[in-house]
Amino acid sequence: MSNYSQNIWFNGEVIPFNEARIHILSHVIHYGTGVFEGIKCYNTPNGPAVFKLKEHMVRLHQSAENYKMSIPFSVEELCYGTIELIRSNSLNNCYLRPVAYYGYDTLGVHPKNCPVEVAIGTLDWGAYVGKEALSKGAKVTISPWKKYQSESFPASTKSSGTYLNSLLAVQDAKSKGFDEALLLNLDDTVAEGSGQNFFLIKNGIFHTNDKDANILMGITRETVLQLINDLGMEYKISNITKDDLFNADEAFFTGSASEVTPIRKIDEHTFSNGKAGKLTLKIQELYYNIVRGKEPKYESWLTYVN
Ligand SMILES: Cc1ncc(COP(=O)(O)O)c(C=O)c1O
């Protein structure tokens with residue numbers, strides 16, 4: 001297994017990778033009753049640092065609360081565990097996957113006394129949408145699967161079971177030769193990618209949607225909004241229609257794993273002459289400089305491992 005790491009943090013302890021096991025009758029396996037995060041650690045001139053660690057662990061707790069799941073570790077304990085794990089695996093760069101889920105007690109849908117278990121894994125995960133997409137732009141298709149609506153699930157919650165919606169969308173996109181899917185809402189406004197938030201740029205103004213569009217309120221989305229502001233540029237937050245989409249000058253995805261991924265094509269429509277857009281690349285460059293510890297102004301977003 002290429003992503004093998006030496007250790008896993010499991011219920012408060014760092015244990016060998018192969019010993020991190022759960023029972024086959026765990027509630028999460030049958031009903032997807034888990035919540036999770038995706039975080040990145042980057043090498044910087046001062047050693048490895050985790051980007052927006054606390055924000056992710058706070059969101060993990062919020063996601064759990066949506067399902068009345070009580071995580072038996074505080075945000076601080078989870079942050080500390082993450083650092084301990086990275087150190088024990090001697091990693092400089094990695095993707096981190098905290099997950100909290102209902103373990104084994106009952107198979108009734110109501111989890112009753114199922115214990116809440118928590119784990120953190122590290123993976124060597126490169127460019128999520130693909131290395132080429134980061135420089136040249138991704139090819140995206142509008143999914144025939146609509147985004148699930150907040151009336152059915154709390155859409156701004158990162159919960160395991162709801163990713164079956166994302167799975168259908170990305171499987172469809174890949175089977176048609178695209179890199180990623182863009183999911184629309186029932187009213188045909190844009191929601192988000194299978195694992196990314198969406199931005200477009202028109203006449204130099206950035207445009208993204210928010211909670212009303214059934215999106216996960218991405219931590220990278222929030223970061224990028226601040227960077228747009230800090231660079232003296234403008235953004236607007238409102239629903240995005242298909243017309244907005246196809247009239248845009250540039251488009252891109254944001255996400256902790258996808259970082260800032262330019263989009264060069266959505267179905268038959270190309271953006272910026274089929275290349276990554278200039279403003280998108282400007283934001284991407286600044287983002288990379290920040291996460292790699294080269295922008296002192298944004299140091300407070302980094303948690304150093306050593
Ligand atoms: C469905 C979905 N939307 C948006 C995002 C982006 O969120 P963030 O920037 O917090 O990683 C993700 C990634 O976690 C996601 O899975």
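Salt bridge Glu37/Arg97: absent, no basic N to carboxylate O contact under 4.0 Å. We find that Asp179 and Lys174 are not joined by a salt bridge, their nearest charged nitrogen and carboxylate oxygen being 4.0 Å or further apart.
Inspection of the Thr241 and Asp243 side chains reveals no N or O donor paired with an N or O acceptor under 3.5 Å. When only modelled atom types and interatomic distance are considered, Ser88 and Asn7 share a side-chain donor-acceptor pair under 3.5 Å. With 3.5 Å as the limit, one finds no donor-acceptor pair spanning the side chains of Lys278 and Ser272. For the residue pair Ser159 / Tyr67, a side-chain donor-acceptor distance below 3.5 Å is found, with atom types taken as modelled.
Under the 6.0 Å cut-off for aromatic ring centres, Trp9 and Tyr80 do not qualify, their centroids lying 6.0 Å or more apart. Between Phe253 and Phe199, a ring centre-to-centre spacing not shorter than 6.0 Å is recorded.
With hydrogens and angles disregarded, no donor-acceptor distance shorter than 3.5 Å links the side chain of Tyr288 to the backbone of Val260. Checked by atom type and distance alone, the side chain of Gln6 never pairs as donor or acceptor with a backbone atom of Phe17 at under 3.5 Å. Side-chain N or O atoms of Lys202 include one that pairs as donor or acceptor with a backbone N or O of Asn247 at under 3.5 Å. In this structure, the side chain of Thr44 does not engage the main chain of Gly293 through any donor-acceptor pair within 3.5 Å. Not one N or O on the side chain of Asn185 forms a donor-acceptor pair closer than 3.5 Å with the backbone of Asn214. Of the possible donor and acceptor atoms, none in the side chain of Asn89 sits under 3.5 Å from a partner among the backbone N and O of Ile86. In this structure, Thr280 contributes its side chain and Pro262 its backbone to no donor-acceptor pair below 3.5 Å. Side-chain atoms of Ser156 come within 3.5 Å of backbone atoms of Ile215 as a donor-acceptor pair (strictly under, hydrogens ignored). Distance alone, capped at 3.5 Å, places no donor-acceptor pair between the Asn209 side chain and the Ser238 backbone. Here the side chain of Arg221 pairs no donor or acceptor atom with the backbone of Gly255 at under 3.5 angstrom.
Tyr95 and Ile39 fall into different hydrophobic clusters, where Ile, Leu, Val, Met, Phe, Trp and Tyr residues are linked whenever their side-chain heavy atoms come under 4.5 Å apart, directly or through other members. Criterion: ILVMFWY side-chain heavy atoms under 4.5 Å apart, direct or through other members. Under it, Ile263 and Ile283 are not part of a common hydrophobic cluster. Grouping the Ile, Leu, Val, Met, Phe, Trp and Tyr side chains by contacts below 4.5 angstrom, directly or via other members, places Leu227 with Leu279. Connection of Val14 to Met57 is established within a shared hydrophobic cluster, with ILVMFWY side chains joined at heavy-atom distances below 4.5 Å, either directly or through further cluster members. Note on Leu164: it does not cluster hydrophobically with Leu216, by side-chain heavy-atom contacts below 4.5 Å among ILVMFWY residues.
By the 6.0 Å contact criterion, CD on Gln149 is enclosed, its count of non-hydrogen atoms from other residues, nucleotides or ligands being greater than 12. The neighbour count for Lys54 NZ, taken as heavy atoms of other residues, nucleotides or ligands under 6.0 Å away, does not exceed 12. Within a 6.0 Å radius of NZ in Lys282, no more than 12 heavy atoms belonging to other residues, nucleotides or ligands are found.
Taking 4.5 Å as the limit, every side-chain heavy atom of Thr141 sits out of range of all side-chain heavy atoms of Ile266. Residues Leu96 and Lys40 have side chains not in contact (no heavy-atom distance under 4.5 Å, counting atoms from C-beta outward). You'll find the side chain of Val35 reaches within 4.5 Å of the side chain of Met69, heavy atoms only. Under the 4.5 Å side-chain criterion, counting only non-hydrogen atoms from C-beta, Lys265 is not in contact with Val140. Taking the side chain as every heavy atom from C-beta outward, Leu78 and His61 approach each other to under 4.5 Å. Here the side chains of Glu234 and Phe206 are not in contact, with every heavy-atom distance at 4.5 Å or above. For the pair Val170 and Glu180, the minimum side-chain heavy-atom distance is below 4.5 Å. In this structure, Val50 and Leu302 have side chains that are not in contact, with every pair of non-hydrogen atoms separated by 4.5 Å or more.
The one candidate from Tyr298, Trp301, Tyr42, Phe51 that meets the ring-ring contact (aromatic ring centres under 6.0 Å, His included) condition with Tyr287 is Phe51.
Atom CD of Glu19 is separated from atom CZ of Arg21 by 8.5 Å, given to the nearest 0.5 angstrom. In this structure, CZ in Phe246 is found 6.5 Å from CZ in Phe271, a value given to the nearest 0.5 Å. Summarising the geometry, atom CG belonging to Asn273 is positioned 12.5 Å from atom CZ belonging to Arg264; distances are rounded to the nearest 0.5 Å. Rounded to the nearest 0.5 Å, atoms CG (Leu200) and CZ (Phe252) are 9.0 Å apart. Rounding to the nearest 0.5 Å gives a distance of 9.0 Å between NZ of Lys158 and CD1 of Ile219. With values rounded to the nearest 0.5 angstrom, Thr82 atom OG1 is found 10.5 Å from His56 atom NE2.
Summarising the geometry of Ala169 relative to Ala181, their closest heavy-atom pair is O-CB, 3.4 Å, with the distance given to 0.1 Å.
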Test log, rule salt bridge (charged side-chain N to carboxylate O under 4.0 Å, His left out), inputs Asp267 and Lys139: CA-CA 7 Å; Asp267 290 319; Lys139 289 181 290 166; over 6 Å; no
